[in-house]
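Down below is the structure, laid out as structure tokens.
In what follows, chains carry the letters A, B, and so on, assigned in the order in which the sequence lines appear, proteins first and then strands, with residues in each chain numbered from 1.
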Amino acid sequence: MKPLRHLYGPLVDNNPVTLQILGICSALAVTTSMTTALVMSLALIVVLVASSMIISAIRHHIPTSIRLILQITIIASLVIVADQVIQAFAFDISQRLSIFVGLIVTNCLVLGRAEAFAMRNPVGLSALDALGNGLGYGLVLLLIGFVRELFGAGTLFGQTVFPTIHDGGWFTPLNLMLLAPSAFFLLGLLIWAIRSVRPAQIELADYEISIEPNRRAP
Amino acid sequence: MPDLNPLYWWARLLALPNESRAKTIAMAFLVSGVCALLVSSAVVLLAPIQNANLAAEREARLSAMLENMPGLADIIAQYGADSLETVIVDLETGEATDIDPATFDIAVAAEDPDTSSVLPSEVDIAGLGRRADLAPIHVLRANGELRLVILPISAVGYQSTIRAHVALEADLNTVAGLSIIEHGETPGLGARIEEPAWQALWPGKELAGEDGQIRLSVVRGRATSAFEVDGITGATRTGNAITAAIHFWLGEYGFDDVLANLRRERGQQ
């Protein structure tokens, strides 16, 4: 049962987005609809699992001095391949994802898992850890995408749920939901909710300002 | 005698300490070589499918526009789809060329310095930077008489290049329709230019006033004349880009010579 902890741990307890606050950029950009959020999550999971496995497989032969550049070369190549595959087989979605699949390269989550886990653990464990982290990322993306698409456009996966007033229905779309700031708000609320349920995730303050009650201004 | 078995050398390489210079260089070359092979084979193998997707997308957008234009489907049904012909025109002279439209790729032509020209910044209102010297236009004739011209236009919008087709009726001044082919504007705001309800505002709009100056533009708020189209709230810059695309592509650096030739042709009949 122990190895499975690497799979389900990152889903909530050690979620890369809500606990480690990694991969925020893409979480803001691609969550305007469920479809893009889902494709982005799948692309990230594939890249993350493949890169973790490859890096883990050759970890004993990676010279420390060039390990980061080797990791990023492997990740970048996998991202380009994933992007090309999406452009070839899911053309509509690739147009909506635009550059964000390419930006998986810069997602700290991928390099973070490679550096922190895959460099020190065997292939199987690394794959489980990568899958768990990818799923944790996808879960957050889909949650935010669900709220943003439902309230911003009245649809889910492009299917009408609330008929909008543009199409003669009753629902007035909240345009704010389709703009990037709304993802920040939702993410903040989500982190607040998770940390209320699991107080262990609350970080200690780095410093505190103490004010003497009796002190007077000079 | 040295051992020539490659497996021996491979094992020796792997046995080297990780920090040795030889192994560092060997690993760098190995990893980058394998990655380069992976990336280039993916690009080469998938390129035909991607190009087919792009071509299908362009076709679909064009035929969708033709279907949405009132009365046009009847004309095509009456005279057959052959009545719509694609011509590559030279934007400098306004003359049609004999280039086969099937082999012409405007995206490639617009980037190649031999087939495109740099736009001086004062005329480049659409923010394009370069413009291809040749452009494909679609002309619909019935009984030898000009019925409709479809022109490709483009401009840089809020966060993407917007490409569209604008169709002009036989008088070359009345808009028969506008169809957005490609854009990456903000979903829910600028992206609403692709909604049929907004594109339905275009048919019947007038392009130029009495003096021949192009006046058609997307305004903020409600349109008040035949030269204005309702703007989209929260998408001012996208609307401005569409205006710029119309003014640029139908103006001096765009299709004005082509339109002048078509007008002359019509006058002779």
Side chains of [X] and [Y]: does their closest heavy-atom pair fall under 4.5 Å?
{"X": "L189(B)", "Y": "L178(A)", "answer": "no"}
{"X": "Q87(A)", "Y": "N53(B)", "answer": "no"}
{"X": "L46(B)", "Y": "F89(A)", "answer": "yes"}

message: Main chain of T64(A), side chain of N18(B): is a donor-acceptor contact present, judged purely on distance under 3.5 Å?
response: no
Between L179(A), I58(A), I66(A), T32(A), the one whose heavy-atom pairs under 4.5 Å with chain B are most numerous: I66(A)
message: Can you tell me which of T73(A), I54(A), D92(A) forms the most heavy-atom pairs within a distance under 4.5 Å of chain B?
response: T73(A)
- request: Could you check which of T24(B), T233(B), L13(B) has the highest count of heavy-atom pairs closer than 4.5 Å to chain A?
  value: T24(B)
field: Pick from V31(B), L16(B), L14(B), V34(B) with the largest number of heavy-atom pairs that fall under 4.5 Å of chain A
entry: L14(B)
query: Heavy-atom distance under 4.5 Å to chain A: side chain of T186(B), backbone, both or neither?
result: side chain
- request: Give, as side chain, backbone, both or neither, the part of A197(B) having an atom under 4.5 angstrom from any heavy atom of chain A.
  value: neither
Atom [atom1] of [X]: over 12 foreign heavy atoms under 6.0 Å:
{"X": "Y158(B)", "atom1": "OH", "value": "no"}
{"X": "M53(A)", "atom1": "CE", "value": "no"}
{"X": "F91(A)", "atom1": "CZ", "value": "yes"}
{"X": "I69(A)", "atom1": "CD1", "value": "no"}
{"X": "W10(B)", "atom1": "CH2", "value": "no"}

Heavy-atom pair with the smallest gap, counting every atom of [X] and [Y]:
{"X": "E19(B)", "Y": "S65(A)", "answer": "OE1-N, 4.0 Å"}
{"X": "A88(A)", "Y": "I49(B)", "answer": "O-CG2, 3.4 Å"}
{"X": "I74(A)", "Y": "C35(B)", "answer": "CA-SG, 3.9 Å"}
{"X": "Q50(B)", "Y": "Q84(A)", "answer": "NE2-OE1, 2.7 Å"}

statement: Under 4.5 Å to a heavy atom of chain B? For I80(A) that would be side chain
